[in-house]
Amino acid sequence: MKPFYITTAIDYTNAPPHIGHAYEKVLADVMARFQRLQGRQVYFLTGVDQHGQKVQKSADAAGLSPQAFVDGITAHFTSLWDKLNVRYDGWAATTDPRHKRVVQAMLQKLHNCGQLYKKSYSGHYSVRQEQFLTDKERGPDGNFGEEWGEVVEIEEENWYFKLSDHVEWLQNYIRSHPDFITPAFRTADVLNALDSSGGQDLCISRPAERLSWGIPLPFDERFVNYVWFDALTNYISFAGYLADECGNEGLPRFADLWPADAEIIGKDILVPAHAIYWMTMLHALGFTDEQMPRLIVHGWWNIKGAKMSKSLGNVVDPNSLADQLTPDGLRYYLMRDIATGYDSDFNDERILMSYNKELAGGLGNLLNRSINMAQKYRNGLLVAGDYDDPENAALRQTVTESLSVYSESMNAWAIHDGIAAAWKIVTHANAFVDSTKPFSLAKDPSQAARLDSVLYHLAEAWVHLSVLLDPIIPTAMATARAQLGWEMPSGFVLTDLKWGMLQSGHQINTPIPLFPRLETNAE
RNA sequence: GGCAGGGUAGCUCAGUGGUAGAGCAAGGGACUCAUAAGCCCUGGGUCGGGAGUUCAAUUCUCCCCCCUGCCA
């Protein structure tokens, strides 16, 4: 089976990352880790989009060269991914010379087969903002506002891509491939957009005198490529597309990886960028229906009901949250409090509460009390024994059921349901302690066999948790396994997980709180 | 105006053609191994409004209202 190729949107390097960036990358990382846990080989690509006008202007304003400017912002992204344990295999930076070569080769290819043409366009141009204005930018009085400064009418030549040639194919492709977009309801937006503006070709250039920070068109050096053929191309250029003819090295073999099993994007860049521009670009390059990527479209984190925006001043900084909650605490919240594909409400009181209640009080405390009792009553020595009863059997059954629900949910991108499935074990095991009362059994020598079985069941339930939750909170689960004295054998896959991972006579380690409880401001 | 999503317990949200569920929050109780954690019990919703299909609708159909987003 081919490797699971998973990508994310590449982030624009004109401002540091916010919680939405973090969510998308953690989602990709969780899925990558889950696929590996299923025994699948994985290639995880993420990166940054570094070209364009905004970067050029921000760099000018900061008195830096564009490259120095984007290097600085890029460092914010890479250090955040390190901190959050987002473990990617490939890094797509659009200023990478290998990427530029592929973009140019692609453009040349399309030019050769007549898919690109030059056309002049005249319109209103804001000198101050260095951009063309459309009717959208007009104020209520029909004029362009003060913020645009001097507005002049100019005529400009540019290169266009014959997107319209591929619209009919795309409509058919979408109708016949219901798996193309997850969640499926987003498909309607795409078809709708195609119906209303399907005849429009795509402008792919800017005159070099206006935009210098970009990739020159190989067949017309007076122009620089504008956005789409640069940014979207990363998904194939860094997967080794045209590597041989471009002399690119150190990249995967394209034939092995492509098509992408999951291109994770936000709902804002589905239409038109990914579902229309990207798909028609691929089609124009000769990619077949079988070589099209699958899109996974996620929703947004709103902040207490409002959209997150710099002007509202409610941008949530993932760095400080990771410091406060630990990286795993943040990863957990980002995965459990949103249904993949939908929006969710980010609430700083709720995130603390869920950390304390679920991670500290539920999951962490279960590990702590289980290990602590094993140490206290048996010096950490677990005995499997022959004793059994319905309560033990019920816990084992919960573990088994949870495993299958987890697996099904995760494969369907319902991470929150996967977590909920694992949490069935947490809840049951905590109740199991209260109903079996190992602390009472310990006082009665005639109950020794039962006590052993209870302690063993708790440890074994936790071994299962440490595997199921590993993709989501990998650091904490590695710590937990160390406390349990159990390591996942190398090459261990989900289907290897069965009751009885711990041998009789297993020695357990010392308990240390996994997620120390955090004080809240309210107290 | 068109399209999409949503309108279910105080809050955040699941869910299903057969007299509604979870987590959190609130109230009460028993316990003590544990991170004052965990466990048990309780309260409370005419599932946005109306009509239709059906033996039966929160779940299907139609109309309307409200919120959000995209497009025009």
Side-chain angles (χ1 to χ4, degrees), chain A residues 134-136 181 183-198 200 266-273 275-276 297-308 329 333 336-378 380 391 405 409 414 416-417 419-421 423-424 426-443 451 454-455 458-459 462 476 480 483 510-520 522-523:
Chain A
T134 65
D135 288 342
K136 257 193 223 171
I181 297 171
F185 68 80
R186 298 259 176 231
T187 305
D189 285 341
V190 182
L191 290 171
N192 206 19
L194 283 172
D195 282 341
S196 58
S197 66
Q200 293 264 321
K267 62 177 186 175
D268 54 322
I269 54 173
L270 174 66
V271 181
I276 299 179
V297 185
H298 64 75
W300 283 355
W301 284 95
N302 298 316
I303 311 300
K304 290 187 175 171
K307 211 190 223 179
M308 178 166 53
Y333 179 75
R336 76 131 271 174
D337 226 32
I338 190 167
T340 313
Y342 295 82
D343 289 358
S344 186
D345 201 44
F346 187 93
N347 183 317
D348 45 6
E349 292 153 28
R350 195 173 151 70
I351 194 170
L352 256 183
M353 226 151 55
S354 105
Y355 175 96
N356 274 341
K357 189 75 190 167
E358 296 161 19
L359 290 178
L363 183 70
N365 185 50
L366 174 66
L367 179 69
N368 203 239
R369 67 200 302 213
S370 302
I371 293 184
N372 191 62
M373 287 189 287
Q375 284 295 352
K376 212 162 194 162
Y377 308 138
R378 288 292 186 262
E391 278 179 283
V405 175
S409 305
H416 60 295
D417 287 336
I419 293 175
W423 234 262
K424 287 266 199 295
V426 177
T427 306
H428 192 148
N430 267 321
F432 179 77
V433 175
D434 283 82
S435 70
T436 58
K437 298 187 179 20
F439 37 86
S440 302
L441 298 177
K443 292 173 188 155
L451 175 60
V454 166
L455 296 174
L458 286 171
W462 234 104
Q483 292 186 31
T510 323
I512 304 156
L514 199 57
F515 291 102
R517 200 183 152 78
L518 296 170
E519 291 314 312
T520 59
E523 286 165 358

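Scope of the values below: all heavy atoms of this structure, side chains included, with no hydrogens, waters or symmetry mates. Everything numeric here is computed off the predicted structure, so don't read it as measured data. Every chain is numbered from 1 and lettered A, B, ... according to where its sequence line falls, protein lines coming before strand lines.
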Enquirer: In the 5'-to-3' direction, what one-character label does each nucleotide of nucleotides 21-29 of chain B receive under the scheme B = base within less than 4.0 Å of a protein heavy atom, S = sugar-phosphate only, - = no such atom?
Expert: --SS-----
Enquirer: Enumerate all atom pairs, one protein N or O and one N or O from nucleotides 30-33 of chain B, separated by less than 3.5 Å.
Expert:
| residue | atom | partner | partner atom | Å |
| --- | --- | --- | --- | --- |
| B/rC33 | O4' | A/Y377 | OH | 3.3 |
| B/rC33 | O3' | A/N372 | ND2 | 3.3 |
| B/rC33 | O3' | A/K376 | NZ | 3.2 |
| B/rC33 | O2' | A/N372 | ND2 | 2.8 |
| B/rC33 | O2 | A/R369 | NE | 3.2 |
| B/rC33 | N3 | A/R369 | NE | 3.3 |
| B/rC33 | N3 | A/R369 | NH2 | 2.7 |
| B/rC33 | N4 | A/R369 | NH2 | 2.9 |

Enquirer: Between C1' on B/rA14 and OH on A/Y342, what's the gap in Å once rounded to a whole number?
Expert: 11 Å
Enquirer: A/D343 has an atom CG; how far is it from atom C1' of B/rU68, in whole Å?
Expert: 8 Å
Enquirer: Round to a whole Å and report the spacing from NZ of A/K267 to P of B/rC71.
Expert: 12 Å
Enquirer: On a whole-Å scale, what distance lies between the C1' atoms belonging to B/rA72 and B/rA14?
Expert: 35 Å
Enquirer: Using atom P in both nucleotides, what's the gap between B/rG52 and B/rC11 to the nearest angstrom?
Expert: 32 Å
Enquirer: When we call it a touch if two heavy atoms are under 4.0 Å apart, what does A/A360 touch: a base, just sugar-phosphate, or nothing?
Expert: base
Enquirer: Which base, if any, makes a Watson-Crick or G-U wobble pair with B/rU68, both distances under 3.5 Å?
Expert: B/rA4
Enquirer: Can you tell me, in whole Å, how much space there is between the P of B/rC71 and that of B/rG38?
Expert: 46 Å
Enquirer: Nearest 0.5 angstrom please: A/D343 CG to A/K267 NZ, how far?
Expert: 3.5 Å
Enquirer: With heavy atoms under 4.0 Å as the rule, sort A/P516 into base, sugar-phosphate or nothing.
Expert: base
Enquirer: Donor-acceptor pair, distance only, cut-off 3.5 Å: does the side chain of A/R378 make one with the backbone of A/L451?
Expert: no
Enquirer: Roughly how far apart are A/I419 CD1 and A/Y333 OH, rounded to 0.5 Å?
Expert: 12.0 Å
Enquirer: Taking B/rC62 as the reference, what is the distance to B/rG6 when you measure between their P atoms (whole Å, please)?
Expert: 16 Å
Enquirer: Counting neighbours of NZ on A/K424 that are heavy atoms of other residues, nucleotides or ligands and sit closer than 6.0 Å, is the number greater than 12?
Expert: no
Enquirer: Determine the Euclidean distance between corresponding C1' atoms of B/rG29 and B/rG69; express it in Å to zero decimal places.
Expert: 48 Å
Enquirer: Atom CG of A/L359 and atom P of B/rG38: how far apart are they, to the nearest Å?
Expert: 12 Å
Enquirer: Out of B/rU35, B/rA14, B/rC40, which nucleotide sits closest to the side chain of A/A339?
Expert: B/rA14
Enquirer: Tell me if a side-chain donor or acceptor on A/Y377 pairs with a main-chain N or O of A/K443 at a distance below 3.5 Å.
Expert: no
Enquirer: Send over the distance from A/I338 CD1 to B/rG6 C1', rounded to a whole Å.
Expert: 14 Å
Enquirer: Nearest 0.5 Å, please: how far is CH2 in A/W462 from CG in A/L363?
Expert: 4.0 Å
Enquirer: Identify the nucleotide, in any strand shown, that forms a Watson-Crick or G-U wobble pair with B/rA30, with both distances under 3.5 Å; if there is none, say none.
Expert: none
Enquirer: Measuring only the P atom in each nucleotide, how far is B/rG5 from B/rG18? A whole number of Å is fine.
Expert: 23 Å
Enquirer: With rounding to the nearest 0.5 Å, note down the distance linking CH2 in A/W423 to CZ in A/R336.
Expert: 8.5 Å
Enquirer: To the nearest 0.5 Å, how far apart are CD1 in A/I371 and CG in A/L366?
Expert: 9.5 Å
Enquirer: Taking the six-membered ring for Trp, are A/Y342 and A/F185 parallel (under 30°), tilted (30 to 60°) or perpendicular (over 60°)?
Expert: tilted
Enquirer: Using atom P of each nucleotide, how far apart are B/rU19 and B/rA57 to the nearest Å?
Expert: 12 Å
Enquirer: Paired with B/rC62 by Watson-Crick or G-U wobble geometry, both distances under 3.5 Å: which nucleotide is it?
Expert: B/rG50
Enquirer: Pairing donors with acceptors under 3.5 angstrom, does anything connect the side chains of A/N430 and A/R369?
Expert: yes
Enquirer: Quote, to the nearest angstrom, the P distance that separates B/rA22 from B/rC41.
Expert: 11 Å
Enquirer: Paired with B/rG10 by Watson-Crick or G-U wobble geometry, both distances under 3.5 Å: which nucleotide is it?
Expert: B/rC24
Enquirer: Figure out the CD1/P separation between A/I419 and B/rC13, and round it to whole Å.
Expert: 16 Å
Enquirer: Can a donor-acceptor pair be found, under 3.5 Å and without considering hydrogens, that links the side chain of A/K357 to the backbone of A/S354?
Expert: no
Enquirer: Within the 4.0 Å heavy-atom criterion, would you say A/L367 contacts the bases, only the backbone, or no part of the nucleic acid?
Expert: nothing
Enquirer: For A/G364, report the nucleic acid contact type (base, sugar-phosphate, nothing); a contact means any heavy atom under 4.0 Å.
Expert: base
Enquirer: Mind calculating the distance between CH2 (A/W423) and C1' (B/rA14) to the nearest angstrom?
Expert: 18 Å
Enquirer: For RNA chain B, whose closest nucleotide is more 5', that of A/F185 or that of A/D337?
Expert: A/F185
Enquirer: Find the distance A/R186:CZ to B/rC3:C1' and express it as a whole number of Å.
Expert: 12 Å
